Amino acid sequence: MEPNHSESGEAVSGIDASAIRNTSNRAEDPTEVAAQGFVDCSETLQVPGWETKNADAVRRRALEELVDECRGKKVVCLGESTHGTKEFYEIRAELTQLLLENTHDFRIVLAEASWPEAYRINQYIGTQGSVDNNVESAADAFCGFPKWMWKNRTMLQFWDWLKQKNASRARDANVSDENDKGLLHSVDTDIKFFGMDLYSLFTSQAKLLEFLDIYDPELSALVNARYEQLHRFGNDANAYGHGSAQEGEAAGARTQETLTATLADVQRGCAEYALLGASADELLSATQNAECVLSGEEYYRRQYTGDHVGWNTRDQHMTATVLRIAEHFTKPHPLHAGAVPEPSNHGNGIIIWAHNSHVGDCRATAPGQRGEWNLGQMLRQTFGHDAVHTIGLGTHGGELTAAPSWGAPCRTYSLSPPLPGSLDEILHRTAILLSHRQRGACTPEAFVDVQGEHSRAVDATSTAGADFVVRFRSRMHACTTDEQDAMLHPRLERMIGVCYVKEDEKESHYVQCSLPQQFDAWIHLDVTSAVEP
């Protein structure tokens, strides 16, 4: 589905400009005005060296207020400005835990990960049985590049927490129901962990054929024959993309027609597979694997046709995955087709973990003005802005895990200072201002050296600023008109994926964006560390 792109002046953030209080114009540096605006609509999470007795309570309260804004939403998106920052994983895990424990709106975590690998994690954390006895074994599914993105210490701890949570939910629920035949069946109360990416062209083929071998051997043989055409350049997805792109659009259209027929065959067979004993999760996985092959083929082929078509194909697949999962968890199992579907927000809300470039509304970026679209934009347009809450995460300095090029071994990098006048640099100024404000409100004895080497007061010139939350939708009224204009003004925003090209950072990692229009809220962690593979 191709969305309608907004006009360049359209506000996409839901901010009520009429609620912004007006003040006289000030002849100030616009970046300083923007920094002060961020201060005016932010809440401090942590100040370096802050050892007040209530520091943890202040941080917890700020996150809980952020969670309160997510109540009743259909989708909550948790972003990140790099794929290799430890604290981004930690705070997304903490927010997810709060959403699962403090609300009754969510039970699905959907990550920027390939479906087959994430599905093995879903089996491990669930109560329906798994081939893996421990989280390390389940995480071995993430064996390809970039392995550290999901197989890291923070994620292992988070997945074990989900497993314990599911065991507790199953004990507490102890729910049984009687179907039309008088048989008892257990209600699935498990929290789910799925992937929404499409890098599993060949893995998804293998998983679908495994499923069909059990439930539909005849179709399995037919699908296997259809999939043979995808291996004519070997078993490398990029080699397939390069080779198939040379064959022209007509050949690509014929391939898509064949793969679409496979998806339709699997969907038609689901009711029969359920009668043969396939679980609801297995039916979803079979359908999604067929979809991954369909979308993956198009993605890899279009990667070599230039422009932004490959990007759009990928984010369209992510959006379709969200819609498929949302539908799956609001409709009855095929064996209970006569049952009344659950209300659309009956505890089946979706929490998405993905890069800022995917979840931030693309209409508020330069690529969006050039014809790209992304997941965040399509979710807002599909469900309505009020049903989606998007939280971006960013940092100013520290270290991160990344690779110098696609497929290369990962390493630890020091983040370069952000470009002058960029959003990242302005947010660092905000962090320093907040840090100074908090220091002014506390006695010097409340702070210790950031490095922990001495118990002396921190120097006010410390380059480490405060961590903070900006809640654009609910706090912009605290800003002046000048501050709002400065904050909304498009500026360069740093985005680092799995590769970090320091020698060409501006061209490789900065995009012109309007932050308050991309996101409903933003978490800035001023100095961060590298995720540990």
Side-chain angles (χ1 to χ4, degrees), residues 6-45 47 62 65-66 69 81 356 360-366 368-369 385 389-396 417-441 460 463 465-495 510-526:
S6 67
E7 298 297 326
S8 58
E10 177 188 350
V12 295
S13 64
I15 297 168
D16 182 5
S18 65
I20 308 298
R21 60 183 172 88
N22 208 339
T23 62
S24 60
N25 293 328
R26 296 172 294 178
E28 298 183 41
D29 178 354
T31 60
E32 293 292 350
V33 177
Q36 186 58 55
F38 286 121
V39 168
D40 288 346
C41 61
S42 68
E43 294 166 295
T44 303
L45 287 173
V47 176
E65 289 177 355
L66 193 57
E69 291 188 344
S81 62
N356 288 343
D361 194 321
C362 199
R363 291 171 294 176
T365 71
Q369 300 305 313
H385 195 157
H389 202 75
T390 305
I391 303 168
L393 276 76
T395 184
H396 155 258
L419 295 177
S422 66
L423 281 163
D424 306 78
E425 193 260 347
I426 292 172
L427 291 166
H428 174 57
R429 293 195 211 178
T430 303
I432 296 297
L433 289 169
L434 285 169
S435 181
H436 289 176
R437 184 173 74 177
Q438 292 294 340
R439 294 175 199 284
T463 56
D467 298 339
F468 59 92
V469 177
V470 187
R471 293 176 14 225
F472 296 119
R473 295 197 77 188
S474 61
R475 295 292 298 275
M476 284 289 277
H477 66 273
C479 301
T480 68
T481 304
D482 293 338
E483 290 169 351
Q484 183 207 21
D485 290 342
M487 293 164 69
L488 288 169
H489 184 75
R491 303 180 192 280
L492 291 176
E493 178 185 328
R494 181 155 60 182
M495 299 183 183
Y510 280 88
V511 178
Q512 199 88 359
C513 305
S514 172
L515 199 68
Q517 293 186 303
Q518 278 182 287
F519 302 98
D520 298 302
W522 182 268
I523 298 176
H524 177 84
L525 307 177
D526 204 47

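Every value quoted in this text rests on a predicted model; they were computed, and no experiment measured them.
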Nearest 0.5 Å, please: how far is [atom2] in [Y] from [atom1] in [X]?
| X | Y | atom1 | atom2 | result |
| --- | --- | --- | --- | --- |
| Leu434 | Glu43 | CG | CD | 10.5 Å |
| Asp467 | Thr44 | CG | OG1 | 9.0 Å |
| Thr31 | His489 | OG1 | NE2 | 10.5 Å |
| Trp522 | Phe38 | CH2 | CZ | 9.0 Å |
| Arg471 | Asp520 | CZ | CG | 11.5 Å |
| Asp361 | Gln517 | CG | CD | 8.5 Å |

Indicate yes or no for a side-chain donor-acceptor contact from [X] to the backbone of [Y] under 3.5 Å, with no hydrogens or angles considered.
| X | Y | result |
| --- | --- | --- |
| Asp526 | Ala431 | no |
| Ser514 | Leu488 | yes |
| Thr430 | Ala35 | yes |
| Tyr510 | Leu419 | yes |
| Arg475 | Ala521 | no |
| Gln512 | Ala366 | no |
| Gln369 | Arg363 | yes |
| Ser42 | Val39 | yes |
| Asn356 | Leu393 | yes |

message: If you apply the rule side chain to side chain contact (heavy atoms under 4.5 Å, CB included), what do you find for Met487 with Cys41, and how did you get there?
response: CA-CA 11 Å; Met487 293 164 69; Cys41 61; 3.6 Å; yes

Kindly indicate whether the side chain of [X], heavy atoms from C-beta on, has any atom under 4.5 Å from the side chain of [Y].
| X | Y | value |
| --- | --- | --- |
| Ile391 | Val469 | no |
| Met476 | Glu483 | no |
| Leu427 | His396 | no |
| Arg494 | Ser422 | no |

- prompt: Considering residues at least two apart in sequence or located in another chain, which fulfil the salt bridge (charged side-chain N to carboxylate O under 4.0 Å, His left out) criterion with Glu425?
  reply: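 Salt bridge (charged side-chain N to carboxylate O under 4.0 Å, His left out) check on Glu425 returns Arg429.
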
Criterion side chain to side chain contact (heavy atoms under 4.5 Å, CB included) on Val470 and Leu515, from CA distance to verdict: CA-CA 11 Å; Val470 187; Leu515 199 68; over 6 Å; no

- request: Apply side chain to side chain contact (heavy atoms under 4.5 Å, CB included) to the pair Met495 and Cys513, showing each step before the final yes or no.
  value: CA-CA 11 Å; Met495 299 183 183; Cys513 305; 3.9 Å; yes

- prompt: So, for Ser81 and Gly394, which heavy atoms are closest and what is the spacing to 0.1 Å?
  reply: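 So the two residues come closest at OG-CA, 3.5 Å.
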
task: Please report the closest heavy-atom contact between Ala486 and Ala34, naming both atoms and the distance.
output: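 Closest approach of Ala486 to Ala34: CB-N, 3.6 Å.
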
- prompt: Going through the distances and angles, do Arg473 and Glu69 end up as a salt bridge (Lys or Arg N to Asp or Glu O under 4.0 Å)?
  reply: CA-CA 9 Å; Arg473 295 197 77 188; Glu69 291 188 344; over 6 Å; no

query: Looking just at side-chain N and O atoms, do Asp482 and Thr480 make a donor-acceptor pair shorter than 3.5 Å?
result: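 There is no such pair (donor and acceptor under 3.5 Å, judged by atom type) between the side chains of Asp482 and Thr480.
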
task: Any chance you could lay out the side chain to side chain contact (heavy atoms under 4.5 Å, CB included) test for His428 and Ile432, step after step, and finish with the verdict?
output: CA-CA 6 Å; His428 174 57; Ile432 296 297; 3.9 Å; yes

